[in-house]
Structures are given as C-alpha cells and as structure tokens.
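Following: one structure in structure tokens, then a few remarks.
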Amino acid sequence: MWLSRSVRVSLLPSIAKVPPFLPIHNSFFCSHSHSQTSLHDEAVSQFNRLLHQRHVPPIFEFGKILGFLVRMKRYPTAISLIKQMELKGILCDLANLSLLMNCFCHLDKLALAFSVFGKILKRGYHPNAITLTTLIRGFCDKGEVKEALILHDKVVALGFLLDQFSYGTLINGLSKIGETEAAIKLLRIQGRSTVMYNIIIYSLLKEKQSKEAYDLYSEMVINGISPDLVTYTTLFYGFCLVGQVKVAFGFLNEMLSNSIRPDVYTYNILIDALCKERKLGEAKNVLCVMVKTYVKPDIVSFNTLIDGYYLVNKVMNARQVFSAITHMGVSPDVRTYNIMINGLIKNERVDEAINLFQEMHNRNIVPDTVTYSILIDGLCKTGRISRAWDLFHEMRGRNQQADIVTYNSLIDGLCKNHCLDKAIELLRKMRENGVQHDMYTVNILIHGMCIEGRLKNAQEIFQDLLNKGHSPNLYTYNIMINGLCREGLLDEALALWSKMEDNGCLSNVITFEIIISALFENGQTEKAEKFFHEMISRDLLK
DNA sequence: GTAGGGTTAG
C-alpha cells in the first residue's frame with residue numbers, strides 16, 4: 001500500500017461515495033463542446049467576413065483568428081488565410097509573418113520559413129525574439145541543434161535581442177538530443193527559469209538519471225525558483241519510471257501540500273503508475289476523482305486504464321472502458337485500438353483483435369506501424385506466418401513504414417517456424433530499406449540458429465558482436481548458454497557463464513534453470529545442486 | 001493576437 005496517507009486524504013476524497021465508474025452519465029462529460037471541425041470552420045468564415053468588410057479591420061483582428069488556428073494546429077489553414085490576406089492587399093505585420101514562419105516550421109518546411117524571414121527583413125521589419133525563437137525551434141525540432149546554435153551566434157552578433165524563450169528553446173533542443181550537460185551550462189549562463197529546469201529535469205529522468213534530476217531540483221529550490229505543476233508532475237513521472245515509487249509519491253504529496261492542483265497529466269501518470277502496480281481498483285477510482293474534481297479525463301486516461309486491465313487479464317473490464325469512451329464525449333484514437341488489439345492478442349483472442357483492426361477502417365482511424373507490428377507479432381506467435389506476410393505487404397501499400405520492431409517480429413516468426421533462410425533474407429531486405437538491426441535482432445537470429453542446430457553460425461554472430469565492441473545482454477548470454485547446453489557442450493556453457501558474470505551481467509532465474517537442468521541431464525547432480533543453492537542465495541526464486 | 005516544459009501502445 002504505497003498510496004501514502006496524505007495522498008489518500010487530499011487526492012482521493014471519499015472514494016466510498018464515488019458512484020460506480022460505468023456508466024457515468026454526468027453532465028460534465030456531456031458538456032456540449034463544439035467539435036474541432038466546426039470550430040475550425042467557424043474561424044475560417046469569421047476570417048472571411050473580416051476580409052470582405054468595406055473598411056479593413058485592425059490587423060490584430062486577423063491575428064486573433066490566426067493564433068487560434070495555430071493553437072488548434074491547423075497550420076495549412078492558417079497559411080492559406082495569410083496568403084488570402086496578402087492577395088487582398090492587406091499587409092501582414094511582424095506578428096502575422098512570425099506566425100506564418102511558425103506554421104511552416106511545424107509542417108517541417110524550414111526553407112519556406114526562412115523565405116518568410118527574408119520577406120520580414122526586406123520589408124524593413126525588425127525581427128523580435130519571437131521571430132528568432134521560431135527559427136531556432138525550427139532547427140531544434142529537426143534535431144539540427146548545431147544549426148540552431150550557429151543561428152543564435154549570428155543573430156546575437158548582429159545585435160538582435162533574444163529572450164528567455166529563445167534560450168528555453170535551445171535548452172530544450174540540447175536536452176532532447178541528450179546534450180544535457182550543455183543544456184545545464186546554458187541554463188547557468190543565461191538565467192534560470194522554472195521551465196528551463198523542468199526541461200532538463202525531464203530529460204535526465206527519461207535517461208533514468210534520477211540522482212542528477214534530484215540534484216537539479218534541489219538546485220532550483222536553493223536558487224529560489226519555484227517548482228510548479230509541471231516540475232512536480234515530471235518528478236512524479238520520472239521517479240515512477242525508475243521504480244522509486246516512494247520518492248515519486250513524496251513529490252506528489254509535496255505538490256499537494258503546496259496547494260498545486262493536479263491536472264490531467266498528473267492524474268494520467270498516477271493512473272499509469274497504479275496500473276503498472278496492478279492496482280486497478282485504485283486506478284479506476286482516480287478516474288472517478290478526476291470527474292469529481294472537474295478534471296476531464298482525456299483519451300490518454302482511458303487508454304492507460306484499458307492497458308492496465310489487459311495487464312491483469314481483465315478483458316471484460318477493458319472492453320467496458322473501451323465502449324464507454326464515446327459516451328464520455330471522448331474519441332478513441334489509433335492508440336486506443338493498438339492497446340485493445342495488443343491486449344486481446346496477449347489474452348489469446350487473435351480473431352477478435354483482427355475484427356477490431358477491421359473496425360478501424362469503418363471508424364476512419366488509420367492503422368499505423370505499431371498497429372501492424374502488434375498484429376504481425378500476434379499472427380507469427382500463433383503460427384499464422386502467411387497472414388503475417390500479407391499484413392507486412394499491406395502496410396507498405398498503405399504507406400506505413402515497417403520499423404525495427406516490425407522486422408524483428410517477422411524475423412522471429414520465421415525463425416521459430418523453421419524458415420531460417422527466409423529470416424536471413426528478410427534481414428538483408430531490412431538493411432536495404434535503411435533499418436538498422438538492434439540487440440533484439442541479434443538475439444532472435446542467434447536463437448534461431450541454435451534451435452535449428454546451427455550452433456557454429458550462432459557462435460559466429462556472437463563473436464562478431466564482441467569483435468564490433470558491442471556487449472551482449474542477459475538474453476544473448478542465456479540463448480548462447482542454452483545453445484551450448486543443447487549440444488552437450490557443458491564446459492563451454494559454464495565458461496561462458498563465468499565470462500558473463502565477470503562482465504557484470506548478472507544471471508536471472510532463466511540462466512540458472514538452463515544450467516541446472518543441463519547438469520542434471522548429464523548426471524552432474526552435485527554441481528547442479530551447487531548452482532541451485534547459488535540461485536537460492538541470490539534470492540532469484542521469488 | 002505571436003513563442004518554450006510534463007501523460008498512454010508494439
């Protein structure tokens with residue numbers, strides 16, 4: 001029970017009185033929010049009214065609508081409206097043009113953004129920090145942080161002024177490519193803000209560097225920068241991620257005692273944490289608390305809960321939540337279907353999963369790489385290789401790129417269904433398509449070689465791995481040790497086991513199972529018992 | 001009116 005007392009008190013009030021979750025007919029859920037489409041259409045027609053007025057309205061009236069469209073991420077619309085403005089002879093101001101640049105950046109058209117920047121200069125407008133930050137972000141979003149830094153140096157040399165947002169954007173770019181040290185340096189030179197700290201703390205936690213994240217959090221407090229909702233939510237998320245659940249809840253409590261109210265992100269992370277701990281009852285109650293406290297659950301809340309139910313094999317509950325989503329005024333998305341399909345497959349209901357896959361088409365939800373990967377994996381694992389191949393070809397026809405996970409599933413399926421040569425052929429194709437193999441691929445292939453009795457080939461791949469300076473992981477070792485045992489090469493297997501432990505790769509229960517049963521089969525009872533006791537003393541039999 | 005941070009799936 002790690003929901004601490006204070007969390008219970010302030011976050012989960014009167015759980016007992018919360019009505020059953022399904023179905024909830026709460027006016028809160030049914031509040032008539034306009035659909036995205038109708039709001040978009042309304043904005044466009046208002047814009048057109050402005051455009052056709054006898055006297056040109058003040059320019060910021062246009063800007064208001066454009067800004068709204070950008071917030072709705074309707075970039076192509078905003079671009080076309082600005083074009084119409086200019087065609088009508090209404091001159092855009094710096095804000096409009098900065099917004100236009102922003103749209104191009106979001107559509108991954110950096111060159112066009114720069115041409116707008118050229119227009120800004122030509123018209124004699126003085127680019128402000130917003131204009132420049134937009135370009136910096138354009139580079140950063142593409143991962144071209146170096147270019148962003150060069151641009152920064154140039155504009156500073158030219159005397160343009162940047163602000164906290166510009167540096168926040170650079171810090172974000174650096175953090176996202178793993179350059180957290182550089183990000184911290186920039187933070188210390190260019191002033192500190194809550195957001196800057198939040199960005200770096202998040203990156204550190206994503207990389208599981210929880211100590212560094214904690215230190216940075218302490219530093220921010222010492223410097224008098226107040227942690228906010230995002231700081232606490234990030235810390236809560238990150239410490240759950242590294243399994244330090246107590247610390248995580250400590251942050252959640254601290255947030256609540258600072259009178260910062262959780263929002264939908266915080267709640268969703270809480271639901272996920274409870275689900276991962278298999279506490280589905282509590283997770284469901286959190287959803288009820290959200291409703292009670294007027295934080296509207298979104299599609300992530302439902303997706304998370306559905307995934308949680310599948311994790312504990314509660315197919316019925318998962319289905320109930322799935323069918324309740326629409327009643328709550330929320331639309332299922334591609335992830336909802338992916339989670340459902342995955343859950344059904346893991347619960348041995350492949351046919352139902354395929355039905356849902358077909359339902360996606362009716363609902364106009366486009367299956368993505370993950371959808372196909374899940375299905376291909378499920379079909380392979382149930383021996384339906386040819387159906388998996390069909391899907392593999394279908395996804396290409398629908399412009400969904402197979403990625404490393406897709407390939408790995410199919411290669412694994414081929415290996416396990418005695419089509420090793422086809423698997424190797426697919427590996428070649430994968431490389432041709434520019435997809436690099438990973439540790440899973442290597443393990444799948446080594447395993448495939450071993451079960452086909454091609455131990456020599458397996459050893460070659462293993463040696464190749466070592467030669468290239470990669471380190472095998474626990475699974476690689478287990479597969480190799482198992483392969484050696486199968487061929488009766490017990491001494492070699494034990495030698496590899498020692499090597500593995502020397503390399504700091506600790507055995508798990510599977511490793512011991514492989515070795516112990518091989519020793520027993522070979523009549524080496526005494527040695528087998530020694531390993532058995534070693535396993536017990538390492539507390540691996542939990 | 002324009003800009004930076006946090007959540008779910010294989």
Side-chain angles (χ1 to χ4, degrees), chain A residues 58-71 78 92-103 105 128-138 140-141 162-173 175-176 193-203 205-206 228-238 240-241 262-273 275-276 297-308 310-311 333-343 345-346 368-378 403-406 408-409 440:
Chain A
I59 193 83
F60 70 82
E61 292 295 340
F62 295 97
K64 265 192 225 169
I65 298 173
L66 292 170
F68 172 76
L69 287 166
V70 167
R71 278 199 302 281
C92 286
D93 66 3
L94 178 63
N96 302 146
L97 292 176
S98 296
L99 181 141
L100 181 60
M101 280 171 42
N102 181 29
C103 292
C105 284
N128 60 19
I130 298 171
T131 323
L132 299 168
T133 304
T134 304
L135 286 177
I136 290 175
R137 189 170 44 75
C140 288
D141 284 351
L162 296 174
D163 64 6
Q164 293 278 297
F165 287 95
S166 322
Y167 287 102
T169 307
L170 278 172
I171 286 172
N172 191 32
S175 299
K176 290 273 145 65
S193 72
T194 303
V195 175
M196 289 176 184
Y197 275 105
N198 290 350
I199 292 167
I200 303 173
I201 288 173
Y202 176 74
S203 289
L205 287 168
K206 267 274 187 205
D228 65 2
L229 171 63
V230 177
T231 321
Y232 285 118
T233 302
T234 302
L235 287 163
F236 178 52
Y237 165 74
C240 283
L241 200 67
D263 69 357
V264 66
Y265 281 88
T266 326
Y267 280 119
N268 288 346
I269 294 162
L270 177 58
I271 292 174
D272 193 45
C275 284
K276 298 274 185 320
D298 63 6
I299 190 58
V300 179
S301 326
F302 294 112
N303 289 349
T304 309
L305 191 62
I306 292 174
D307 198 46
Y310 278 121
L311 186 71
D333 62 5
V334 63
R335 283 189 185 222
T336 318
Y337 277 88
N338 290 348
I339 290 166
M340 283 294 294
I341 291 173
N342 184 47
I345 288 176
K346 296 283 135 58
D368 63 8
T369 302
V370 178
T371 324
Y372 282 104
S373 301
I374 293 167
L375 277 164
I376 287 172
D377 192 56
D403 67 7
I404 184 62
V405 183
T406 328
N408 283 345
S409 296
Y440 287 92

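Below, chains carry the letters A, B, ... as their sequence lines are ordered, and counting in each starts from 1.
Contact annotation for T336(A): no contact, since no heavy-atom pair falls under 4.0 Å across all strands. Contacts of T369(A) with the nucleic acid, taken as non-hydrogen atoms under 4.0 Å apart, include base atoms. Note on I201(A): nothing from the nucleic acid sits closer than 4.0 angstrom, heavy atoms only. Among the atoms of the strands shown, base atoms are found under 4.0 Å from some heavy atom of D93(A). V334(A) comes within 4.0 angstrom of nothing in the nucleic acid, heavy atoms only. Counting any heavy atom pair closer than 4.0 Å across all strands shown, T406(A) reaches a base atom. As judged by a 4.0 angstrom heavy-atom cut-off over every strand, Y237(A) is placed among residues touching the sugar-phosphate backbone only. Contact annotation for T169(A): backbone-only contact, meaning every heavy-atom pair under 4.0 Å involves sugar-phosphate atoms and none involves a base. No contact: D377(A) has no heavy atom under 4.0 Å from any strand. Counting any heavy atom pair closer than 4.0 Å across all strands shown, S193(A) reaches a base atom.
Atom CE in M101(A) sits roughly 16 Å away from atom C1' in dG1(B) (whole-Å rounding). The interatomic distance linking L270(A) (CG) with dG6(B) (C1') rounds to 14 Å, in whole Å. The distance between atom CD1 of I200(A) and atom C1' of dG6(B), rounded to the nearest whole Å, is 15 Å. Atom CG in N303(A) sits about 11 Å away from atom C1' in dT7(B), given to the nearest Å. Protein atom NZ of K176(A) is 11 Å distant from nucleotide atom P of dG4(B), rounded to whole Å. If you take CG of L66(A) and C1' of dG1(B), they are 8 Å apart, rounded to a whole angstrom. Rounding to whole angstrom units, CG of residue N268(A) and P of dG6(B) are separated by 14 Å. In this structure, I269(A) atom CD1 and dG6(B) atom C1' are separated by 6 Å, rounded to whole Å.
For T234(A) against dG6(B), a side-chain-to-base donor-acceptor contact under 3.5 Å is absent. Within 3.5 Å, a donor on the side chain of S373(A) pairs with an acceptor on the base of dG10(B), or the reverse. At a cut-off of 3.5 angstrom, the base of dG10(B) holds no donor-acceptor pair with the side chain of D368(A).
Taking the salt bridge (charged side-chain N to carboxylate O under 4.0 Å, His left out) definition, one finds that D307(A) meets it with nothing, sequence neighbours left out. With sequence neighbours left out, the salt bridge (charged side-chain N to carboxylate O under 4.0 Å, His left out) criterion links K346(A) to no other residue.
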**Request:** Using the side chain to side chain contact (heavy atoms under 4.5 Å, CB included) rule, take V70(A) and C103(A) through it: C-alpha gap first, then chi angles, then the decisive distance, then the call.
**Result:** CA-CA 7 Å; V70(A) 167; C103(A) 292; 3.9 Å; yes
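In this structure, the nucleotide among dG10(B), dT2(B), dA3(B) sitting nearest to the side chain of L99(A) is dT2(B). The side chain of F165(A) sits closest to dG4(B) out of dG1(B), dG4(B), dT8(B). Looking at the side chain of N338(A), the nearest of the listed nucleotides dG10(B), dA9(B), dT8(B) is dA9(B). Which of dA9(B), dG1(B), dT7(B) sits closest to the side chain of N342(A) comes down to dA9(B). Distance from the side chain of V405(A) is smallest to dG10(B) among dT2(B), dG6(B), dG10(B). Among the nucleotides dA3(B), dG4(B), dA9(B), the one closest to any side-chain atom of K276(A) is dA9(B). Ranking dT2(B), dG4(B), dA9(B) by closeness to the I130(A) side chain, first place goes to dT2(B). Closest to the side chain of N172(A), out of dT8(B), dA3(B), dG4(B), is dG4(B). Taking only side-chain atoms of D403(A), from C-beta outward, the nucleotide of dG10(B), dT2(B), dT7(B) with the closest atom is dG10(B).
The shortest distance between side-chain heavy atoms of D141(A) and C105(A) does not fall below 4.5 Å. Contact annotation: the side chain of I199(A) approaches that of V195(A) to within less than 4.5 Å [non-hydrogen atoms, C-beta and beyond]. Under the 4.5 Å side-chain criterion, counting only non-hydrogen atoms from C-beta, L162(A) is in contact with Y167(A).
Evaluated for a side-chain contact (heavy atoms from CB on, under 4.5 Å) with M340(A), the options I306(A), N303(A), I374(A) yield exactly one hit, I306(A).
You cannot call F60(A) stacked on the base of dG1(B); the centres under 5.5 Å and planes under 30° rule is not satisfied.
Side-chain N/O atoms of R137(A) include one lying less than 4.0 angstrom from OP1 or OP2 on dG4(B). Y202(A) has a side-chain polar atom (N or O) that falls below the 4.0 Å cut-off from OP1 or OP2 of dT7(B). Between dA3(B) and N102(A), a contact under 4.0 Å exists linking OP1 or OP2 to a side-chain N or O. For the pair Y440(A) and dG10(B), the criterion of a side-chain N or O lying under 4.0 Å from OP1 or OP2 is not met. Taking only side-chain nitrogens and oxygens, R71(A) never comes nearer than 4.0 Å to OP1 or OP2 of dG1(B).
Between the side chains of K206(A) and Y237(A), a donor-acceptor pair is found at a separation under 3.5 Å.
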